[in-house]
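Take a look at the structure below.
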Amino acid sequence: MQVKKKAASAVPIRARKGAIHRFFVYFARHPLLYLMLIPGLFFLCVYKFWPLYGIQMAFRKYSLFAGNNPMDSIAKSQWVGWKNFNKLFNSSQFSLVVSNTLIINGMKILFLFPLPIICAILLNEIRRATVRKTLQTAIYVPYFFSWVMIFGIFYSLLGSYGPLNSAIVALGGERVRFFTDTKWFRWLLVFSEGWREIGYNTVIYMAAIAGVDQVLYEAAKVDGAGKWKQIWHVTLPGILPTIVLMLILKVGYILDTGFEQVLIFYNPTVYSVGDIIQTYVYRLGMGKMDYSQSTALGLFNSVVAFVLIVGANTVSRKTLHRSIW
């Protein structure tokens with residue numbers, strides 16, 4: 001028995017040594033590839049890993065003046081444990097911003113997620129290359145606009161005295177305050193993000209469609225399948241892994257509704273329907289200087305996002321047999 005145990009324990013050791021040996025062999029053959037990793041690793045260390053030290057603020061009563069510099073202030077601030085989280089979870093504002101975040105992002109997933117898939121399929125069916133490229137460029141261009149520019153465009157069109165409201169008044173209706181009316185503000189966020197993002201996501205799905213084997217379409221034609229059946233039985237199954245990947249990412253970022261967009265579009269009159277986790281963190285940290293509470297809320301957001309993306313990936317792997325990892 002002891003001999004078997006020693007032999008079994010020696011197997012993982014040999015496997016690890018073999019993996020290390022293969023790594024150094026590959027490294028010796030492709031040194032330039034690892035050299036190209038240096039800028040990316042430097043970026044990760046400086047902007048991703050090093051700031052993780054600041055997570056301590058969620059468990060401390062942080063004071064900016066407790067030390068000689070911000071890092072020293074974190075270490076010297078009073079440790080309070082879960083007090084910041086208890087205060088956060090018992091706050092009425094917390095439930096409001098979480099519900100707003102879930103509702104807005106749920107609306108975006110429900111109404112915007114299928115649109116790039118439909119656009120990609122429709123563009124793929126256009127046979128004239130010039131028309132297809134022109135339409136693709138037209139819907140892709142808004143992605144390069146900043147949210148400040150997009151706000152200016154939409155405010156010019158949908159403002160109280162913009163063309164749309166002028167037309168409504170001319171037809172005998174009343175002016176609609178899209179930017180200050182709580183009934184319309186969420187739909188404004190959904191529509192503006194759709195106008196900006198659909199073109200970019202369409203390109204992703206068109207690339208996936210281009211990778212579908214053309215032999216499958218020929219076989220479907222031989223079997224008598226029309227255009228709609230080809231789309232349903234060939235195109236959609238062919239791009240299903242990409243759809244699953246994008247959906248998992250969407251679910252993982254369900255608490256990340258789009259900080260820049262909401263910050264630029266919203267105002268105090270629509271806080272009740274438009275204030276989300278990221279804007280609340282911003283106002284807590286930068287407005288009220290409550291860094292501990294804002295860090296606690298940000299950490300909560302990150303943990304939930306991690307759990308959601310792992311859960312969505314697990315469900316997808318067990319049900320659809322497709323996943324990110």
Side-chain angles (χ1 to χ4, degrees), residues 26 30 33 102-145 186-187 189-258 305-325:
Y26 190 84
H30 309 282
L33 293 179
L102 292 174
I103 291 172
I104 294 173
N105 220 343
M107 291 171 65
K108 289 181 177 180
I109 293 175
L110 181 63
F111 294 103
L112 299 183
F113 184 77
L115 293 182
I117 303 173
I118 297 172
C119 287
I121 293 173
L122 293 178
L123 287 174
N124 186 64
E125 296 303 322
I126 298 176
R127 295 305 169 209
R128 295 188 62 178
T130 54
V131 177
R132 183 173 64 251
K133 291 179 180 179
T134 302
L135 292 175
Q136 183 178 341
T137 302
I139 64 174
Y140 187 57
V141 165
Y143 181 76
F144 297 98
F145 295 168
R186 287 172 176 167
W187 292 108
L189 295 178
V190 174
F191 183 79
S192 58
E193 177 160 321
W195 183 73
R196 182 179 186 266
E197 301 287 340
I198 282 178
Y200 174 78
N201 293 324
T202 298
V203 172
I204 296 175
Y205 290 115
M206 287 194 70
I209 292 174
V212 178
D213 193 349
Q214 296 299 312
V215 175
L216 298 176
Y217 290 103
E218 298 297 332
K221 290 178 182 178
V222 171
D223 290 339
K227 185 58 64 178
W228 288 108
K229 288 188 177 181
Q230 291 177 34
I231 292 173
W232 183 257
H233 294 287
V234 179
T235 304
L236 287 177
I239 64 173
L240 186 59
T242 304
I243 296 175
V244 170
L245 170 62
M246 298 297 289
L247 183 59
I248 290 173
L249 294 177
K250 283 287 185 182
V251 172
Y253 286 96
I254 198 169
L255 294 183
D256 186 4
T257 310
F306 175 77
V307 172
L308 286 175
I309 199 168
V310 172
N313 187 77
T314 303
V315 171
S316 175
R317 185 174 63 248
K318 290 184 177 180
T319 57
L320 300 176
H321 305 290
R322 291 179 173 87
S323 60
I324 299 177
W325 66 86

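Because only heavy atoms are used, hydrogens play no part in the values below, and waters and symmetry mates are left out as well, while side chains stay in.
The CG atom of Leu308 lies 6.5 Å from the CD1 atom of Ile254; values are rounded to the nearest 0.5 Å. Of the inter-residue distances, the one linking Ile126 atom CD1 with Arg128 atom CZ reads 10.5 Å to the nearest 0.5 angstrom. In this structure, Asn201 CG and Ile204 CD1 are separated by 5.0 Å, a value rounded to the nearest 0.5 Å. Separating the OH atom in Tyr205 from the CG atom in Asn124 is a distance of 15.0 Å, to the nearest 0.5 Å.
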Next on the checklist: Test ring-ring contact (aromatic ring centres under 6.0 Å, His included) on Trp195 and Tyr143; report intermediate values, then the result.
Outcome noted: CA-CA 8 Å; Trp195 183 73; Tyr143 181 76; over 10 Å; no
Item to check | side-chain contact (heavy atoms from CB on, under 4.5 Å) between Ile309 and Asn313, worked out | outcome: CA-CA 6 Å; Ile309 199 168; Asn313 187 77; 5.7 Å; no
Next on the checklist: Under the criterion side-chain contact (heavy atoms from CB on, under 4.5 Å), I'd like the reasoning laid out for Lys108 against Asn105: C-alpha separation, chi angles, the key distance, then a yes or no.
Outcome noted: CA-CA 5 Å; Lys108 289 181 177 180; Asn105 220 343; 4.3 Å; yes
Next on the checklist: Under the criterion side-chain contact (heavy atoms from CB on, under 4.5 Å), I'd like the reasoning laid out for Glu193 against Leu112: C-alpha separation, chi angles, the key distance, then a yes or no.
Outcome noted: CA-CA 9 Å; Glu193 177 160 321; Leu112 299 183; 4.2 Å; yes
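Between the side chain of Arg196 and the backbone N or O of Phe145, at least one donor-acceptor pair lies under 3.5 Å.
Of all the heavy atoms in Met206 and Leu123, the pair that sits closest is SD-CD1, 3.8 Å. Between Ile109 and Pro114, the shortest heavy-atom contact is O-CD, 3.9 Å. Taking each heavy atom of Pro116 and Thr202 in turn, the nearest pair found is CA-OG1, 3.6 Å. Nearest approach of Ile104 to Arg186, heavy atoms of both residues: CG1-CG, 3.9 Å.
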Tabulate below the donor-acceptor pairs under 3.5 Å that side-chain atoms of residues 229-247 make, not counting sequence neighbours, or state none.
unit_1: Gln230; atom_1: NE2; unit_2: Ala225; atom_2: O; d: 3.2
unit_1: Thr235; atom_1: OG1; unit_2: Tyr217; atom_2: OH; d: 2.6

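Annotation: Tyr200, atom OH; neighbour count of heavy atoms from other residues, nucleotides and ligands within 6.0 Å does not exceed 12. Crowding of Phe113 atom CZ: a count of heavy atoms from other residues, nucleotides or ligands under 6.0 Å exceeding 12. Atom OH of Tyr140 has more than 12 heavy atoms from other residues, nucleotides or ligands within 6.0 Å. With a 6.0 Å radius and a threshold of 12 heavy atoms from other residues, nucleotides or ligands, Arg127 has its CZ atom above the threshold.
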